[in-house]
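Encoded as structure tokens, the structure appears first; notes follow it.
In what follows, every chain begins at residue 1, and chains take the letters A, B, ... in the order their sequences are listed.
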Amino acid sequence: MSGADMPHASESPATSLAAASPGRAERPAPIGQTTAYAAEWERTEAARAAGQPAWLRAARRQAFDRFLDLGFPGTRLEEWRFTNVAPIAESRFPLAEPAHLTAADIEPWTFADVAIRLVFVNGYYAPALSTPAASLPHGVSLGPLGPALHHLATAGDTSLARVAPVDGHAFTALNTAFLADGASLTIAPHVAIEQPIQVLFVSSPDQRATMSHPRLLVEAGADSQARIVEVYAGTPGTMYFTNAVTEVSLGEHAVVEHCRIQLESDAAFHVGVVQVEAARSSAFRAQTFALSGALLRNDITVRMAGEGVDCVLNGLYLAMAQQLVDNHTTIDHAMPHGTSLEIFKGVLGGRSRGVFNGKIIVRQDAQQTDAKQTNRALLLTDQAMIDTKPQLEIFANDVKCTHGAAIGQLDDDAIFYLRSRGLGAQEARAVLIHAFAGDLVDGVRIPGVQTRLRDILSERLTRELSRLGETAGGRA
Amino acid sequence: MLLSINDLRVKAEGKDILQGLSLNVNAGEVHAIMGPNGSGKSTLARALSGHPGYEVTEGTVTFKGQDLLAMDPEVRAREGVFMAFQYPVEIAGVNNAYFLKAALNAVRRHRGQPELDAMEFLTLVKSTMKRLEMDAAFLNRPVNEGFSGGEKKRNEIFQMAVLEPALAVLDETDSGLDIDALRVVADGVNAMRSPERATIVVTHYQRLLTYIVPDFVHVLADGRIVRSAGKELAEELEAKGYGWIEGEAARA
Ligand SMILES: Nc1ncnc2c1ncn2[C@@H]1O[C@H](COP(=O)(O)OP(=O)(O)OP(=O)(O)O)[C@@H](O)[C@H]1O
Ligand SMILES: [Mg+2]
């Protein structure tokens with residue numbers, strides 16, 4: 001790619017909801033695959049309360065038009081080469097209806113030491129399961145997005161879709177087109193929230209396979225601090241489509257830790273877009289855990305809009321059976337003195353498929369950038385596959401940029417060594433996989449979350465390894 | 001008899017390595033196995049520990065009256081076979097304490113003993129470490145990773161001391177050790193000597209055998225034991241080299 005293709009750092013940032021989008025006339029006829037979605041959109045839009053502000057309805061319509069323009073991405077697009085979304089495009093997912101869940105139902109996805117919590121079931125805010133007010137400092141507003149939007153007079157009054165604009169990404173456009181609710185966290189300047197905050201999106205479809213479009217909007221004011229745990233989960237065995245968008249803006253000197261956990265049903269589809277914009281001297285530290293789901297696709301973009309931004313972007317993914325996990329990350333060093341450290345690790349078993357695409361852009365102005373990317377994958381079977389691609393686009397000359405990728409299998413000698421000391425074959429493999437993945441779990445500094453992640457990892461690995469033991473007698 | 005090897009033939013990657021090896025070891029005995037490079041010493045150790053890359057094509061191995069060859073490697077370990085590797089494997093990300101506790105508890109479960117909790121385990125290993133002159137920080141390091149050659153060998157002996165096997169096979173545990181380390185390792189092995197246990201010491205040189213005095217010395221050449229005698233054989237080998245024995249074996 002040449003420099004000319006790159007939008008320059010000084011260009012205006014993303015178009016917001018309020019900005020104009022292409023008129024309807026320019027739009028080509030919707031491609032067949034979007035017809036079911038169009039019908040569902042028209043139906044829901046008509047059913048939605050007339051009391052909703054006109055600007056919101058217009059914004060949704062605009063987003064939907066944009067979605068129709070873009071259509072579902074095909075595998076001929078470089079960014080979607082390995083991930084075929086036909087199963088999503090060709091399905092007919094009605095928008096999920098509200099469902100009633102109890103505290104016991106959601107217990108597996110909550111954490112002992114995370115007391116502040118917003119819970120959404122099928123995309124609808126569940127006040128009975130939520131504890132938004134618990135010990136929040138003054139200057140923090142945490143709650144459902146829907147009611148907040150209803151009070152606004154114009155689109156210009158919200159920063160919704162500013163960091164995650166609808167124009168570039170079909171799934172973001174689709175999310176915005178169906179937007180009715182979501183979670184909103186706004187932190188006033190200089191406020192540090194000590195307690196971690198959880199946002200839980202649970203899918204609990206009825207007999208039909210339904211879809212939901214969760215949204216999380218975080219605005220961290222200058223010099224503010226927060227830790228956010230974003231969890232997606234679903235009733236085991238159910239089929240549904242989660243199309244999530246998270247947008248985070250960090251003011252100058254803000255520090256945000258973001259832990260994103262996908263624990264979807266093994267039959268579920270999840271497309272998640274995370275867009276982050278970081279102002280001068282802010283720090284964004286993220287960990288993403290893609291642990292279950294039939295198809296998980298994450299597009300994570302961090303844009304360093306100011307000097308001296310510090311970014312950590314780590315991820316662990318597990319793909320078993322026939323699952324597909326695709327992580328596309330972009331770290332955009334637009335300004336000088338930014339540092340980014342990215343480690344992604346995958347454990348792939350069964351006939352699963354993994355994709356990692358790690359793009360690092362260092363723009364012309366971004367001198368003294370220090371970027372380091374590591375990407376490792378562990379293949380547990382001969383049938384598992386990984387496609388991995390670092391993508392460095394460097395336009396500044398005084399930068400430090402390193403990347404490394406390694407794909408491997410469990411070391412037979414190490415397995416034998418452990419067995420020769422008395423560990424069973426399955427236990428030996430589990431020990432080595434935990435050794436591979438453990439540092440990313442250790443990086444989660446909320447003890448309850450860390451412990452839970454470790455347990456989930458063990459539980460899923462045990463299942464996979466016993467399956468391995470049955471079929472092949474293992475590798476060693 | 002603790003261990004009885006009868007006419008053992010072992011193949012690796014299509015190559016015949018052990019070609020009819022027989023050896024009997026009683027509880028309470030120390031046997032030394034010596035022999036030139038490539039004679040099959042490590043292959044014997046690997047075959048005894050159940051390495052999947054080594055195929056037994058003929059022969060039997062009986063351990064405590066049971067068919068050792070029918071057991072998975074972990075079962076052999078739990079039954080009390082311990083192999084100190086010539087080249088211990090480095091395992092990144094797994095710390096020594098975690099690994100050894102898992103191993104010890106696997107062995108204890110097998111023996112019907114209660115598992116040790118973290119505190120009991122620490123108490124046990126701390127005294128062993130002291131005896132082997134090992135630094136406590138070592139417990140939190142990843143298994144063998146970044147260890148010097150000597151540290152790796154010492155770690156093998158440490159594991160052996162903690163797991164208390166009935167039969168220990170030490171494959172060139174002396175190589176790369178300076179004289180102080182050699183003494184510590186030998187003390188570790190000697191401390192384990194008891195009427196219920198036996199040790200097979202594989203070595204090139206007789207130095208280790210001045211510290212761990214063997215009851216028998218065997219010479220391995222071309223996959224067979226070509227000579228067995230008392231400890232004086234080790235000294236003779238050191239003085240004369242292996243040539244004369246190999247020559248004898250070829251003529252026989
Ligand atoms: N996995 C293997 N595949 C092929 N050949 C092997 C394998 N292991 C050992 N050999 C060969 O078998 C022979 C015996 O090897 P072994 O390691 O048992 O010898 P050794 O007596 O332990 O030698 P050293 O004194 O060098 O440790 C050698 O020729 C070696 O190259
Ligand atoms: Mg050897």
Residues that [X] engages under salt bridge (Lys or Arg N to Asp or Glu O under 4.0 Å), provided they are two or more places apart:
{"X": "B:E120", "result": "none"}
{"X": "A:D455", "result": "none"}
{"X": "B:E151", "result": "B:R141"}

Is [X] in contact with chain A via its backbone, its side chain, both, or neither, using a 4.5 Å heavy-atom distance?
{"X": "B:N144", "result": "side chain"}
{"X": "B:V75", "result": "neither"}
{"X": "B:P142", "result": "neither"}
{"X": "B:V94", "result": "both"}
{"X": "B:A92", "result": "backbone"}

Classify the ring geometry between A:Y417 and B:F85 as parallel (under 30°), tilted (30 to 60°) or perpendicular (over 60°). tilted
Report the relative orientation of the aromatic rings in B:F138 and B:F158; use parallel for angles under 30°, tilted for 30 to 60°, perpendicular for over 60°. perpendicular
Leading residue by heavy atom contact count with chain A [cutoff under 4.5 Å; candidates B:G53, B:A103, B:A106]: B:A103
Please determine if B:K153 and B:E156 form a salt bridge, counting it only when a charged side-chain N lies under 4.0 Å from a carboxylate O. no
Using 4.0 Å as the upper bound for N to carboxylate O, is an ion pair formed by A:D310 and A:R285? yes
Rounded distance [0.5 Å steps], OG1 in B:T123 versus NZ in B:K126: 8.0 Å
Cut-off 4.5 Å, heavy atoms of chain B, and the answer for A:D439 is neither
For the pair A:Q262 and A:V325, evaluate side-chain contact (heavy atoms from CB on, under 4.5 Å) and give the outcome as yes or no after the intermediate values. CA-CA 11 Å; A:Q262 289 162 305; A:V325 182; over 6 Å; no
Can you list the residues of residues 37-51 of chain B that sit under 4.5 Å from chain A, counting heavy atoms only? B:S49, B:G50, B:H51
